[in-house]
Amino acid sequence: MKYDHAKIEKKWQKEWTKHPELCAADDKSDKPKQYILDMFPYPSGDGLHIGHVEGYTASDIMSRYARLCGKNVLHPQGWDAFGLPAENFAIKTKVHPAATTKKAIATFKKQMNMLGFSYDWSREVNSSDPEYYKWTQWFFLLLYKNGLAYKKKGKVNWCDNCQTVLANEQAEGGVCDRCSNEVVQKDLEQWYFSITKFIEPSEARSSERQRRCGDAKDGRITSGLLEGLEKLDWPDSTKAAQKNWIGKSEGAQFRLPVILSPKGEESKRSFAGAQDDNLFLEVFTTRLDTVFGMSFALIAPEHELVQKLKSQISNWSEVEKYIALAKKKTDLQRQTEAKEKTGVELEGVKVKNPFTKQAIPLFASDFVLAHYGTGAVMAVPAHDERDFEFAKKFKLPINFVILNEAKRNEESKNRSFAGAQDDEAFVEDGILTNSGEYDGLTSEKAREKIAKWLEKEGIGKKVINYKLRDWLVSRQRYWGAPIPIIYCDKCGEIPVPEEDLPVRLPDDVDFMPTGESPLAKSKKFQDVKCPECGGPARREADTMDTFVCSSWYYLRYSDNKNDKEFASKEMLKKWLPVDLYIGGAEHVVLHLLYARFFTKVLHKLGYINFDEPFLKLRHQGIILAEDGTKMSKSKGNVVNPDDVVKEYGADALRMFEMFMGPLEDMKPWNTKGIVGIVRFLERVWNLYHKADLTDCGEGCKDVPEGMPQLLHKTIKKVTEDIENLRFNTAISQMMIFINFIIRFNVMPRGAAQAFLILLAPFAPHMAEELWSSFAPASAKASAGKNASEDKSEEKDSESIFKQSWPKFNPAMVKDETIQMPVQINGKVRAILTVPADISEDEAKKLSMSDINIIKWLEGKEPKKVIFVKGKLVNIVV
RNA sequence: GCCGCGGUGGCGGAAUCGGCUUACGCGUGCGACUCAAAAUCGCAUGGUCUCACGACCGUGUGGGUUCAAGUCCCACCCGCGGCACCA
């Protein structure tokens, strides 16, 4: 019989849909749970691509394996349906995004079934479904009520051509991705979530929390986003990227008094101004040890102090011009034009270095970021590259105050080293000099001491700064979850009462871009009665960032039909946290950080008893096109899974993607390579159809020598490799087994069954088909509806996915004899076949009497003979 | 620039604790089967030198540790990914 993949795949897919219990997560079972999750896809019109298949196959293997091992597995799938791509597509085609999304979901689902993924579809979620976004809105209110959602003016990307706000991802390179128009920065009032409050651990103490989380002890700590990373089994690169993104830096903040010159006296040389005790410049630094080298200060052009000092600045028109220029630049432009430093001195004003007591000039410069630290910095050109560059350009003094320790040791003997002649900044730690009482201290010690001094004087303190900023969640877009806030002229900003959720997204709104939030154009949507006073009010017209929807979807799968809570406490406790999460690395600092933030909020507020959502995370690597470049529609090098399945079958595609290399590696597609897997599957097929399945046991003389050992080795290797997600080597071990056994025409039935179970997670259709034809004769005979039959036999006649994962016998995986290399000076000169447990004396004796070894030794006496048990002998001459 | 990951045949990749480099697969060559081809099966397949036996070299480069290094240490080169004027 020929292997007809199309026929058997179709057959079993149909059969499996009749038995949803094969994939179902059981809420009532007390078997150990395993939550294996894929990142839910955005259902695009293009359908599933080869990269999805990689990650989903990996998680499917893990899920099927876990079920075979007797675990109660939750393996759900859903749709990240809201978002800009769907809306942009709708704008282009003028078809409502709800319609295109619905169609795309149908396609995705069909493709997933075509690939044999064992999802529990009864738990499907769709973020654009009101039953779902009702809870997205509920989360918004939860954050709002706990002071974690707030409105504030902020800079956003704006495209004048499309008349709309763009997400950062939509404005890459400073250009609108829809029309290639230049993006400008606009100040708009926006909603934010206080993610920065969760960077460091926080204590949960509310009695509210105690009430909700029955088993929680008061005062329990919710780990922070930063240190919470440490206990997670995540890729190092991902942890590093999040750490980097959060960007913690420890330093100090202190005040530089502002000195005003008497009007009309602007001579730069003799500056004898008056100090105004109420005016000061606050700066942040991580290099407090360098303060004695501060020879000027820098301030962001947007800084409010600049405006405050307006009347004192004698070159105001020049300064004003510079500010206007800086404002026009977007952040992106600032970056790309970073090569040359620009700036303007605020003439007529100076600041005082509180350490040297000197008056030093103050410059506005756009390389100082208004939103980081205090928006102003002390400049120490001798020990900071940027300050150095700036000082060179503006001919400002460069005072070295840190000695290069290493260099000093080198040069100390004859010269007194005073680094001032260096023509570049020395940015490392060293020993202080020209720093008054701090001379001779190491940088580290000096920072401590100087910080103490600042505190004593009351002009500064130690401070920690982070790069992470609060999460801007409002979008002036249509296709998203409406923000559940109402504005009343009398009562102000009012949250929508919980019982009024969901705030439904109207489906009759003109979503073509005009510059307004599309929802603002719908009177029907906007006009509402104030929930407080009943007076006229209007709804918030912005929708939420789609990343809000995806920050909690993994919780919903545990209890997706609950209309009283986002999920019941009981189900959350049963299924969460996620044991294994597989998905692309592109959302490392967005989705994966936001989801952690949500989890921490819920933990702190007492809704859940865990504070990290994803215990183990793995990324699937990108699959490149055959030419080693990225697959892209425009290049026409995209591999379509439908075509591959049609030609080679779903089992072949699944296995090939797993065989190509380590899951996390980036690897090129190779259409020729898939035939290797096809050949393997055909060989398995033919073997089961041709070979004698003997019912005699492993010790039986019909069984080829070495076969039982190889079977047990294979069970061991495949089991361990699956557990480590090393599917490529698991498959190669299965190949080794088949390559061996195919030379004989005999296989014990037990081995034949065990192998099929090993194969089942990888090639479920073929395994199921072969299982149904080659289950034991006894089981087949009893496959009727006889309820009184022996249970184990009855089980054999059922789906292969109801069987148990085979166990290996440790005694069987040990080799009795080994090929032991004998080396002379580390070079292999002979290979001896010896018992695996050969003794040192025996091994040495055997080695020394080997003809090749005798030849190579040429009669020389060995200096030393190394013996590694079970490994080798090395003779040193 | 900083952080993270990597560099092994013609190609994708294997290689517990340092212990036979190149498992498995693709490709290629030769052979069997065939009128022939495809498919299938068998054998071979790192490089150099050699008629050959065989020898020497070989995991990005240069050093080092070790009886023994793809693996450990130092310095460097290259590639990929993330962050980036973050004070």
Side-chain angles (χ1 to χ4, degrees), chain A residues 235-249 251 253 283-287 290 297-298 331 334-335 337-341 365-369 371-380 383-387 389-390 427 465-469 585-586 588-589 619 621-622 626 628 655-656 659-662 664-677 679-680 682-683 686 720 726 728-736 738-739 742-743 818-831 862-877:
Chain A
D236 287 343
S237 57
T238 307
K239 289 194 201 181
Q242 285 211 354
K243 217 173 149 182
N244 217 339
W245 184 261
I246 293 167
K248 180 177 186 168
S249 69
Q253 199 168 303
V283 295
F284 171 73
T285 181
T286 54
R287 290 301 303 275
T290 66
L298 293 159
D331 277 358
R334 281 197 189 189
Q335 280 167 33
E337 289 166 13
K339 292 140 240 158
E340 187 150 359
K341 300 273 173 290
S365 176
D366 68 1
F367 85 82
V368 179
L369 307 171
H371 54 71
Y372 186 76
T374 59
V377 294
M378 66 174 201
V380 185
H383 304 292
D384 180 279
E385 274 164 26
R386 296 152 304 175
D387 297 348
E389 239 180 275
F390 195 91
V427 297
N465 254 303
Y466 302 92
K467 285 195 245 181
L468 184 70
R469 279 174 274 161
E586 64 275 14
V588 154
V589 288
H619 304 298
I622 294 170
E626 213 140 349
M655 276 193 106
F656 180 55
F659 186 61
M660 286 188 342
E664 312 214 359
D665 284 12
M666 185 187 274
K667 42 209 175 279
W669 178 261
N670 179 358
T671 302
K672 272 185 187 153
I674 199 169
V675 305
I677 291 293
R679 282 176 196 155
F680 166 72
E682 279 172 349
R683 256 178 288 180
N686 292 334
E720 289 170 357
R726 292 200 301 236
N728 54 332
T729 49
I731 292 170
S732 81
Q733 182 62 38
M734 289 192 267
M735 288 171 166
I736 290 168
I738 291 300
N739 288 349
I742 206 158
R743 300 200 309 245
I818 55 161
Q819 302 289 306
M820 185 182 72
V822 182
Q823 302 178 326
I824 295 177
N825 290 336
K827 284 186 180 171
V828 181
R829 297 302 184 191
I831 290 175
K863 281 193 200 120
K864 199 156 126 191
V865 181
I866 313 273
F867 170 74
V868 184
K869 196 164 169 60
K871 281 270 156 60
L872 53 50
V873 170
N874 188 15
I875 302 164
V876 186
V877 291

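In what follows, chains are A, B, ... by sequence order, proteins preceding strands, each numbered from 1.
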Mapping M660(A) and M820(A) to their closest nucleotides on RNA chain B, which lands nearer the 5' end?
->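 Nearest-nucleotide comparison on RNA chain B picks M660(A).
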
Which residue lies toward the 5' end of RNA chain B, R829(A) or T374(A), if each is placed at its nearest nucleotide?
->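 Closest to the 5' end, via its nearest nucleotide, is R829(A).
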
Side chain of [X] (C-beta onward), nearest among [options]:
X	options	value
V675(A)	C26(B), A15(B), A87(B)	C26(B)
M666(A)	G12(B), A14(B), C80(B)	C80(B)
K827(A)	C26(B), C67(B), C56(B)	C56(B)
K467(A)	C83(B), A87(B), C67(B)	C83(B)
F659(A)	C20(B), G12(B), A87(B)	G12(B)
D366(A)	C24(B), C85(B), C20(B)	C85(B)
I736(A)	G27(B), A23(B), G13(B)	A23(B)
F284(A)	C20(B), A68(B), A87(B)	A87(B)
Y372(A)	C80(B), A55(B), A87(B)	A87(B)
T729(A)	C67(B), C56(B), A15(B)	A15(B)

For the [atom1] atom of [X] and the [atom2] atom of [Y], what is their distance to the nearest 0.5 Å?
X	Y	atom1	atom2	result
Q733(A)	R726(A)	CD	CZ	12.5 Å
F656(A)	N728(A)	CZ	CG	12.0 Å
E586(A)	I622(A)	CD	CD1	7.0 Å
N739(A)	S732(A)	CG	OG	10.0 Å
K672(A)	I674(A)	NZ	CD1	14.5 Å

Would you kindly give the [atom1]-to-[atom2] distance between [X] and [N], to the nearest whole Å?
X	N	atom1	atom2	answer
R726(A)	A15(B)	CZ	P	6 Å
R683(A)	C24(B)	CZ	P	11 Å
K239(A)	G81(B)	NZ	C1'	18 Å
I246(A)	G82(B)	CD1	C1'	14 Å
I738(A)	C41(B)	CD1	P	13 Å
I818(A)	U16(B)	CD1	P	17 Å
I831(A)	G19(B)	CD1	C1'	13 Å
L872(A)	G18(B)	CG	C1'	11 Å

Kindly label the base of G9(B) as syn or anti, based on whether its glycosidic torsion lies within 90° of 0.
->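 Judged by the O4'-C1' to base torsion, G9(B) sits in syn, the angle falling within 90° of 0.
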
When you check the glycosidic angle of C73(B), does it come out syn, meaning within 90° of 0, or anti?
->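 Nucleotide C73(B) adopts anti.
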
Under a 4.0 Å heavy-atom criterion, the protein footprint on nucleotides 3-9 of chain B, written with B, S and -, is SSS----

[N] pairs with, by Watson-Crick or G-U criteria that keep both distances under 3.5 Å:
N	value
C35(B)	none
G9(B)	none
U16(B)	none
A87(B)	none
G4(B)	C80(B)
G29(B)	C43(B)
A68(B)	none
A55(B)	U48(B)

If I compare all heavy atoms of [X] with all of [Y], which pair ends up nearest, and what's the gap?
X	Y	result
P821(A)	K871(A)	CD-O, 3.2 Å
V283(A)	V377(A)	CG1-C, 3.6 Å
F867(A)	V873(A)	CD1-CG2, 3.8 Å

Determine the interatomic distance between [atom1] on [N] and the same-named atom on [M]; round to the nearest Å.
N	M	atom1	answer
U40(B)	U59(B)	P	36 Å
G7(B)	G54(B)	C1'	33 Å
G9(B)	G58(B)	P	14 Å
G70(B)	G60(B)	P	10 Å
C26(B)	C74(B)	C1'	39 Å
G63(B)	C53(B)	C1'	37 Å
U61(B)	U8(B)	P	10 Å
G47(B)	G10(B)	C1'	13 Å

Please determine if a side-chain N or O atom of [X] lies less than 4.0 Å away from the OP1 or OP2 oxygen of [N].
X	N	answer
R679(A)	G25(B)	no
N728(A)	G25(B)	no
K864(A)	C67(B)	yes
N739(A)	G25(B)	yes
S249(A)	A87(B)	yes

Could a donor-acceptor pair under 3.5 angstrom be found where the side chain of K341(A) meets the base of C85(B)?
->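 Looking at the base of C85(B), it does pair with a donor or acceptor on the side chain of K341(A) (distance under 3.5 Å).
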
With a non-hydrogen cut-off below 4.0 angstrom, is Q733(A) in contact with a base, only sugar-phosphate, or nothing?
->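 Since no nucleic acid heavy atom lies under 4.0 Å of Q733(A), the category is nothing.
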
Remember a base hit wins even if backbone is also touched, and classify P235(A) as base, sugar-phosphate or nothing at under 4.0 Å, heavy atoms.
->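 It contacts nothing in the nucleic acid.
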
Pairing residues for E385(A) by the salt bridge (charged side-chain N to carboxylate O under 4.0 Å, His left out) criterion, not counting sequence neighbours |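 Not a single residue meets the salt bridge (charged side-chain N to carboxylate O under 4.0 Å, His left out) criterion with E385(A).
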
Apply the side chain to side chain contact (heavy atoms under 4.5 Å, CB included) test between M734(A) and each candidate in I736(A), I738(A), I731(A); give the one that qualifies.
->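 The passing option is I731(A).
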
Classify the ring geometry between F390(A) and F367(A) as parallel (under 30°), tilted (30 to 60°) or perpendicular (over 60°).
->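 F390(A) vs F367(A) ring planes: tilted.
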
Under 6.0 Å from the NZ atom of K239(A), do we count more than 12 heavy atoms belonging to anything else shown?
->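 Atom NZ in K239(A) is crowded, with more than 12 foreign heavy atoms closer than 6.0 Å.
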
